[in-house]
A.B. asks: 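Here it is, the structure, as structure tokens.
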Amino acid sequence: MSENSTNDTSRREFLKTTSRIAVASAIVGATVPRVHAAENNTLQVALIGCGGRGTGAAADAMSVKQGPVKLVAMSDIFEDRVASSYANLDKRFGERMDVPEDRRFVGFDGYKKAMDCLKPGDIAIFATPLAFRWVNFAYAVQKGLHVFMEKPVTADGPTSRRMLEIADQSVAKNLKVGVGLMSRHSRAMEQLYARIQDGEIGDITSMRAYRMTGPIGSAFSTKWPGDQSELLWQLRRFHSFLWASGGAYSDFLIHVIDHCCWMKNAWPVKAQGVGGRHYRQDPNGNLYVDQNFDSYAVEYTFEDGATLTVNGRCVAGAANIYSSYAHGTKGSAIVSRAGDCGPPSSTYKGQKPNRDQMLWQSEVPGDQGNPYQNEWNDLVDAIRADKPFNEARRGIEASVVTSLGRKAAHTAQEITYEAMLNAEEEYAPGCDQWTMDSAAPIQADAEGRYPIPMPGIKTKTEY
């Protein structure tokens, strides 16, 4: 099982070639007995989820400079994903690859087999659809493994609460945990955060974040063709289903939501929003059956009354707007100029980002420009130097906040953070027991359609 998206691969390459960003570690931890890497100083890595994101994370892991890192095991639901990921990585990192065929696992239990190839103090990468994040994380903590997990990490209340408990266990064991919210590892944003906290633009009163692009990933799906199990097909099309990804809202908007909350140094307490399904057929006239809206507009409110407005869109031919801004009592800031964390960040005297009103603009050394590599450098450095580093709780909270906005738009209700966290509906119950023959958590009707959000009609749950 994997989060496979051509958009994520291109996004990585875009940031690698255009960003001038560096490390801004967000660390949480505790001083408890140490967990060391292997005696020979080689950190071994197991990749669970071999799609585009997992393959990219494994490449970043093997690109660190702080001592040897070797990939020794791989796992996915789909054999072709394992084969493709292995071939691509072997071309680039042959000497750092030690994954013979008997350590390339396929199936729902492959995550255990892959992690069983590691020793305490090694690293497990989780890049599966988020429904399985708590399953993978619990096993890693049990085995004393450090973790890098992709975002989002939850989509509902029960798994969020479960993940928080596992996160506490990981801190108690002094395990290092990275979460793929790479904006927190942007030197430009780190510099901006320090200036905002020092009062350069005054108290933040409002923020704006946009990710309005064309259709991406697997967010739009026509009916299940019936040539494989419905569960496996939904896993292939994970962006289309809330249980697998949190849908387009959670998967695509979490970065801008997270880094704006970072600038505010707070999580919002409630949200309300709107959204709609505008284009429900592909160019050939086939009905789209996914659970996503095509556009979203959500207003988050913080305890002090400040707001964050988030706009998302997946519509072909519409204007692309992909940036974020903060407005304060003394001035304003461009948080991300283009993309999830596109530099430079900058501050201004007034509320318009005019050049003649600029107070400051970030400058980053060229060798610190890739936030994806920075987050791995930080994680490995923390492991080798035994520094406190655990991003699990923050990653979970960012996922809850993102789900909060999504649910507010899908139900047309004002939802509080506490209500989202404590909601009882679980979207993929029992996923830790699934096999290749298991039924999908949601079923198509006779016309191949899946339950969709109906704002104002379905007000307690999302579908």
A.B. asks: Just by distance, do the side chain of Asn311 and the backbone of Met212 share a donor-acceptor pair under 3.5 Å?
C.D. replies: no
A.B. asks: Check this for me: Glu101, atom CD, are more than 12 non-hydrogen atoms of other residues, nucleotides or ligands nearer than 6.0 Å?
C.D. replies: no
A.B. asks: Go through it in stages, so that I can follow the logic: the residues are Ser324 and Tyr210, the test is side-chain contact (heavy atoms from CB on, under 4.5 Å), and I'd like the CA-CA distance, side-chain angles, deciding distance and then a yes or no.
C.D. replies: CA-CA 6 Å; Ser324 56; Tyr210 307 88; over 6 Å; no
A.B. asks: Can you tell me if Arg161 uses its side chain to pair, donor with acceptor, with the backbone of Leu421 under 3.5 Å?
C.D. replies: yes
A.B. asks: Both conditions, 6.0 Å and 45 degrees, for the charged tip of Lys112 above the ring of Tyr139: are they met here?
C.D. replies: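 Yes - Lys112 lies over the ring of Tyr139, closer than 6.0 Å to its centre and within 45° of its axis.
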A.B. asks: To check you understand the geometry: which heavy-atom pair defines the closest contact between Pro215 and Val315, and what is its length?
C.D. replies: CD-C, 3.8 Å
A.B. asks: Is the closest side-chain donor-acceptor distance between His259 and Ser336 under 3.5 Å?
C.D. replies: no
A.B. asks: Ser183 and Asp258: side-chain donor and acceptor closer than 3.5 Å?
C.D. replies: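 Note: Ser183 and Asp258 side chains miss the donor-acceptor criterion.
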A.B. asks: Do we see a donor-acceptor contact under 3.5 Å between the side chains of Asp60 and Asn370?
C.D. replies: no
A.B. asks: Between Asn284 (side chain only) and Asn286 (backbone N and O only), is there a donor and an acceptor less than 3.5 Å apart?
C.D. replies: no
A.B. asks: Side chain of Ser245, backbone of Phe238: donor and acceptor closer than 3.5 Å?
C.D. replies: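 Between the backbone of Phe238 and the side chain of Ser245 there is a qualifying donor-acceptor contact (under 3.5 Å).
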A.B. asks: Carefully, step by step, assess Val335 and Met189 under the rule side-chain contact (heavy atoms from CB on, under 4.5 Å).
C.D. replies: CA-CA 7 Å; Val335 183; Met189 288 190 181; 4.0 Å; yes
A.B. asks: For Glu425, look at atom CD and say whether over 12 heavy atoms of other residues, nucleotides or ligands are found less than 6.0 Å away.
C.D. replies: yes
A.B. asks: Evaluate the side-chain proximity of Asp290 to Arg277: yes if any heavy-atom separation is below 4.5 Å, no if none is.
C.D. replies: yes
A.B. asks: Hey, does Arg133 have a side-chain heavy atom less than 4.5 Å from the side chain of Thr128?
C.D. replies: yes
A.B. asks: Among Trp434, Tyr427, Tyr463, exactly one meets ring pair (Phe, Tyr, Trp, His ring centres under 6.0 Å) together with Trp243. Which residue is that?
C.D. replies: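 Exactly one option meets the ring pair (Phe, Tyr, Trp, His ring centres under 6.0 Å) with Trp243, and it is Trp434.
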A.B. asks: For residues Ala57 and Phe148, report the shortest heavy-atom separation together with the two atoms involved.
C.D. replies: CB-CE2, 4.0 Å
A.B. asks: Applying side-chain contact (heavy atoms from CB on, under 4.5 Å) to Thr42 and Val69, what does each step give before you reach the verdict?
C.D. replies: CA-CA 6 Å; Thr42 296; Val69 175; over 6 Å; no
A.B. asks: Within a strict 4.5 Å, meaning less than it, do heavy atoms of the Val380 and Lys176 side chains meet?
C.D. replies: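 In short, these two side chains do not touch, never coming nearer than 4.5 Å.
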A.B. asks: Please answer whether the main-chain N or O of Gln228 pairs with a side-chain N or O of Trp224 as donor and acceptor at a distance below 3.5 Å.
C.D. replies: yes
A.B. asks: Looking only at atom types and distance, does a side-chain atom of Glu230 sit under 3.5 Å from a main-chain N or O of Ala444, one as donor and one as acceptor?
C.D. replies: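 A pair under 3.5 Å: yes.
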A.B. asks: Does Arg208 count as lying over the ring of Tyr325, i.e. NZ or CZ under 6.0 Å from the six-ring centre, within 45 degrees of the axis?
C.D. replies: yes
A.B. asks: For the residue pair His239 / Asp251, report whether a side-chain donor-acceptor contact shorter than 3.5 Å exists.
C.D. replies: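 Yes - a donor-acceptor pair under 3.5 Å links their side chains.
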A.B. asks: Minimum heavy-atom separation for Asp156 and Ala428, please, with both atom names.
C.D. replies: OD2-N, 4.5 Å
A.B. asks: Describe, in one word, how the ring planes of Tyr450 and Phe241 are oriented to each other, choosing from parallel (under 30°), tilted (30 to 60°) and perpendicular (over 60°).
C.D. replies: perpendicular
A.B. asks: Go through Ser399 and Ile254 one step at a time and tell me if the side-chain contact (heavy atoms from CB on, under 4.5 Å) criterion holds.
C.D. replies: CA-CA 7 Å; Ser399 299; Ile254 189 171; 3.8 Å; yes
A.B. asks: Any ion pair linking Lys387 and Asp381 (charged N to carboxylate O, less than 4.0 Å)?
C.D. replies: yes
A.B. asks: At their closest point, which heavy atom of Phe293 faces which heavy atom of Pro455, and how far apart are they?
C.D. replies: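 Looks like CZ-CG, 3.7 Å.
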A.B. asks: Determine whether Thr154 and Trp134 make a side-chain contact, defined as any pair of heavy atoms from C-beta on separated by less than 4.5 Å.
C.D. replies: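 No. Closest side-chain heavy atoms not under 4.5 Å.
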A.B. asks: Answer yes or no: is there a donor N or O on one side and an acceptor on the other, between the side chain of Glu426 and the main chain of Thr159, under 3.5 Å?
C.D. replies: no
A.B. asks: If you define the side chain from C-beta out and look only at heavy atoms, does anything of Pro371 sit under 4.5 Å from Cys341?
C.D. replies: yes
A.B. asks: Go through the side-chain N and O atoms of Ser250 and Arg406 and say whether any donor and acceptor fall under 3.5 Å apart.
C.D. replies: yes
A.B. asks: Report the C-alpha separation of Arg237 and Ser221 in whole Å, then their side-chain angles, then the decisive distance to 0.1 Å, and conclude whether the side-chain hydrogen bond (donor to acceptor under 3.5 Å, both in side chains) test is met.
C.D. replies: CA-CA 7 Å; Arg237 307 292 307 170; Ser221 292; 2.9 Å; yes
A.B. asks: On the ring face of Phe78, is Arg236 found with NZ or CZ under 6.0 Å from the centre and within 45° of the axis?
C.D. replies: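 Pair Arg236/Phe78 counts as cation-pi.
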A.B. asks: I'd like to know if Lys173 pairs up with Asp168 as an ion pair, taking the criterion as any Lys NZ or Arg NE/NH1/NH2 lying under 4.0 Å from an Asp or Glu carboxylate oxygen.
C.D. replies: no
A.B. asks: Donor-acceptor check, side chain of Arg211 to backbone of His255, threshold 3.5 angstrom: yes or no?
C.D. replies: no
A.B. asks: Check for me whether Arg104 meets the cation-pi criterion with Tyr86, that is, NZ or CZ under 6.0 Å from the six-membered ring centre and within 45 degrees of the ring axis.
C.D. replies: yes
A.B. asks: If we only count heavy atoms from C-beta on, is the Phe105 to Met74 side-chain gap below 4.5 Å?
C.D. replies: no
A.B. asks: Supply the atom-to-atom distance Tyr249 OH to Tyr296 OH, rounded to the nearest 0.5 angstrom.
C.D. replies: 9.0 Å
A.B. asks: Could Glu190 and Arg187 be called an ion pair, given the rule that one side-chain N must be under 4.0 Å from one carboxylate O?
C.D. replies: yes
A.B. asks: Look up atom CG in Leu287 and atom CZ in Arg280, then write down how far apart they are to the nearest 0.5 Å.
C.D. replies: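 Answer rounded to 0.5 Å: 8.0 Å.
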A.B. asks: Would you give the length of the straight line joining atom CG of Asp109 to atom OG of Ser75, rounded to the nearest 0.5 angstrom?
C.D. replies: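 Answer rounded to 0.5 Å: 8.0 Å.
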A.B. asks: Is there a donor-acceptor contact under 3.5 Å from the side chain of Ser362 to the main chain of Ser345?
C.D. replies: yes
A.B. asks: For Asn88 and Ser85, which I'm curious about, is there any donor-acceptor pair between the side chains at under 3.5 Å?
C.D. replies: no
A.B. asks: Supply the atom-to-atom distance Lys113 NZ to Asp102 CG, rounded to the nearest 0.5 angstrom.
C.D. replies: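 It comes to 11.5 Å.
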A.B. asks: To the closest 0.5 Å, what do you measure between CZ (Arg162) and CD1 (Ile396)?
C.D. replies: 12.0 Å
A.B. asks: Taking only Lys NZ, Arg NE, NH1 and NH2, and the carboxylate oxygens of Asp or Glu, determine whether Asp122 and Lys143 approach each other closer than 4.0 Å.
C.D. replies: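 No.
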A.B. asks: Search all heavy atoms of Gly121 against all heavy atoms of Ile383 and return the closest pair with its distance.
C.D. replies: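 Nearest heavy atoms, Gly121 then Ile383: O-CG2, 4.3 Å.
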A.B. asks: Dump the intermediate steps for ring pair (Phe, Tyr, Trp, His ring centres under 6.0 Å) on Trp267 and Tyr417, then the final yes or no.
C.D. replies: CA-CA 9 Å; Trp267 298 117; Tyr417 179 97; 7.5 Å; no
A.B. asks: Measure the shortest side-chain to side-chain distance between Cys260 and Tyr300 over non-hydrogen atoms and say whether it is less than 4.5 angstrom.
C.D. replies: no
A.B. asks: To the nearest 0.5 Å, what is the distance between CG (Leu235) and CZ (Arg81)?
C.D. replies: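 Reported value, rounded in 0.5 Å steps: 9.0 Å.
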A.B. asks: Please identify which of these residues, Arg394, Arg393, Glu375, Met149, meets the side-chain contact (heavy atoms from CB on, under 4.5 Å) condition with Val179.
C.D. replies: Met149
A.B. asks: Where is the tightest heavy-atom contact between Arg103 and Cys117, given as atom of each residue plus distance?
C.D. replies: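 Reported closest heavy-atom pair: CD-SG, 3.6 Å.
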A.B. asks: Checking side-chain contact (heavy atoms from CB on, under 4.5 Å) against Leu118, which of Ile123, Val72, Val45 comes through?
C.D. replies: Val72
A.B. asks: Counting distance only, does the side-chain N/O of Ser186 pair as donor-acceptor with the main-chain N or O of Met182 below 3.5 Å?
C.D. replies: no
A.B. asks: Indicate yes or no: at least one non-hydrogen side-chain atom of Phe108 is less than 4.5 angstrom from one of Met436.
C.D. replies: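 Counting from C-beta outward, Phe108 and Met436 do come under 4.5 Å.
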